[in-house]
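Presented below is the structure to which this report refers.
One-based numbering along the sequence shown. The structure presented is a predicted model; accordingly, all values stated were derived computationally and were not measured.
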Amino acid sequence: MVRGSRTVIDDLSFDVAPATVTGLLGPSGCGKSTLMRAVVGTQAKVTGTLDVLGSPAGAAPLRASVGYVTQDPSVYGDLTARQNLDYYASVLGIPRRERADQVTRALTDVDLMSHADALTGNLSGGQHSRVSLAVALLGSPRLLVLDEPTVGLDPVLRRDLWDLFHRLAAERGTTLLISSHVMDEADRCQSLLLMRSGRLLAADTPQALRTRTGTDSVEGAFLHLVDEAREAESNS
């Protein structure tokens with residue numbers, strides 16, 4: 001994908017296994033958000049083939065099957081958490097008779113029932129982010145695409161959210177694609193996609209990446225792969 005004179009995403013090819021937590025890691029500006037927007041079908045001017053759950057990315061039938069959380073919360077501050085979810089449930093076409101149960105389950109999943117009737121604009125930053133995540137959980141999506149969902153959150157909330165992500169994969173069969181630029185979150189993922197400058201450096205499990213590069217951390221593996229890529233570029 002080219003934006004202006006700059007190539008943002010260059011010749012990526014990857015698969016994400018069902019019912020797993022896959023991390024998309026790389027430094028800020030490497031193309032993670034652009035790739036995620038392409039996966040959910042909101043990125044304009046994307047070339048190539050990208051199939052999501054057996055359909056072209058962005059296809060109408062995927063609307064109820066893919067949940068997406070952007071970096072910036074996309075909920076209304078002048079509505080309560082419950083009202084936000086009820087509104088989005090109607091947009092998704094969830095039948096009225098099912099909405100209350102869906103809303104309650106999503107709020108329970110993100111531990112917000114105690115703040116369900118508070119104005120979203122009055123919630124803390126972490127709670128505000130959890131309202132956005134609850135919206136994405138409506139309708140039991142088969143795929144959740146989460147763009148840096150733990151940025152700025154305290155360590156306890158980050159841990160609780162990662163526990164939730166793994167429960168969704170293990171208990172509901174949800175597939176999760178989660179971006180981050182924080183390398184210490186890598187070991188919380190079952191598989192990893194490592195990006196740099198719009199290119200995919202590697203796709204493997206955390207342990208396999210450490211073994212392959214002879215390092216003791218995913219950050220070390222990433223830096224090793226970056227050095228390899230730079231050397232290959234200088235020799236080409």
Side-chain angles (χ1 to χ4, degrees), residues 16 19-30 32-33 35-36 67-75 77 80-81 84-85 105-116 118-138 141 143-172 174-196 201-202 204-210 213 215-226:
V16 175
T20 59
V21 178
T22 297
L24 176 61
L25 279 85
S28 297
C30 74
K32 299 189 302 295
S33 294
L35 176 58
M36 294 191 131
Y68 178 40
V69 178
T70 61
Q71 289 185 28
D72 298 317
S74 53
V75 290
T80 67
N84 264 294
L85 267 68
R105 187 178 76 163
L107 288 169
T108 301
D109 282 339
V110 300
D111 194 23
L112 270 182
M113 279 302 295
S114 60
H115 294 82
L119 285 177
T120 303
N122 293 336
L123 299 176
S124 68
Q127 292 165 338
H128 205 269
S129 296
R130 280 188 280 165
V131 177
S132 292
L133 177 57
V135 168
L137 293 175
L138 290 169
L143 171 66
L144 269 180
V145 179
L146 310 178
D147 195 356
E148 302 198 351
T150 61
V151 169
L153 303 184
D154 66 77
V156 174
L157 182 52
R158 283 175 59 196
R159 180 200 62 193
D160 291 347
L161 284 181
W162 278 102
D163 288 345
L164 170 62
F165 300 154
H166 282 280
R167 287 201 309 275
L168 291 171
E171 298 174 9
R172 298 185 193 170
T174 309
T175 302
L176 295 97
L177 178 62
I178 305 172
S179 74
S180 178
H181 63 269
V182 181
M183 289 294 170
D184 67 5
E185 294 193 328
D187 279 309
R188 298 178 182 270
C189 302
Q190 292 162 288
S191 61
L192 296 172
L193 304 172
L194 300 185
M195 282 188 72
R196 170 184 174 264
L201 288 178
D204 217 327
T205 66
Q207 182 55 51
L209 287 170
R210 288 192 292 267
T213 57
T215 57
D216 58 6
S217 68
V218 173
E219 181 174 3
F222 178 78
L223 293 174
H224 180 92
L225 292 167
V226 167

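- Contacts of Ala106 classified as side chain to side chain contact (heavy atoms under 4.5 Å, CB included), with partners at least two apart in sequence or in another chain: Leu85, Ala134, Leu137, Leu138.
- Every residue two or more places apart in sequence or in another chain that forms a side chain to side chain contact (heavy atoms under 4.5 Å, CB included) with Pro141 is listed here: Leu144.
- Phe165 and Trp162 have perpendicular rings, their planes meeting at more than 60° on a 0 to 90° scale where under 30° would count as parallel.
- One N or O on the side chain of Ser180 and one on the backbone of Val182 form a donor-acceptor pair closer than 3.5 Å.
- Atom CD of Glu219 has 12 or fewer heavy atoms from other residues, nucleotides or ligands within 6.0 Å.
- By the 4.5 Å heavy-atom criterion applied to side chains, Thr150 and Ile178 are not counted as neighbours.
- Listed for the Gln190 side chain is a donor-acceptor partner under 3.5 Å among the backbone atoms of Val21.
- You'll find the side chain of Arg130 stays beyond 4.5 Å of the side chain of Leu123, heavy atoms only.
- Two residues are said to be in side-chain contact when any heavy atoms from C-beta on lie closer than 4.5 Å; His115 and Asn122 fail this criterion.
- Looking only at side-chain heavy atoms (C-beta outward), Pro155 and Arg159 stay at 4.5 Å or farther from each other.
- Remark: Leu176 CG to Leu24 CG distance equals 13.0 Å, nearest 0.5 Å.
- Of the possible polar contacts, one joining the Thr175 side chain to the Ala19 backbone as a donor-acceptor pair under 3.5 Å is found.
- Salt bridge Arg172/Asp109: present, at least one basic N to carboxylate O contact under 4.0 Å.
- You'll find the side chain of Asp111 stays beyond 4.5 Å of the side chain of Asp160, heavy atoms only.
- When all heavy atoms of Val69 and Leu133 are compared, the pair lying nearest together is CG2-CA, 3.9 Å.
- For the atom pair Leu193 CG and Leu35 CG, the distance stands at 8.0 Å (nearest 0.5 Å).
- In this structure the side chain of Pro27 never reaches within 4.5 angstrom of the side chain of His181, judged on heavy atoms.
- Distance alone, capped at 3.5 Å, is enough to place a donor-acceptor pair between the Lys32 side chain and the Gly26 backbone.
- Every residue two or more places apart in sequence or in another chain was checked for a side chain to side chain donor-acceptor pair (under 3.5 Å) with Arg188, and none qualifies.
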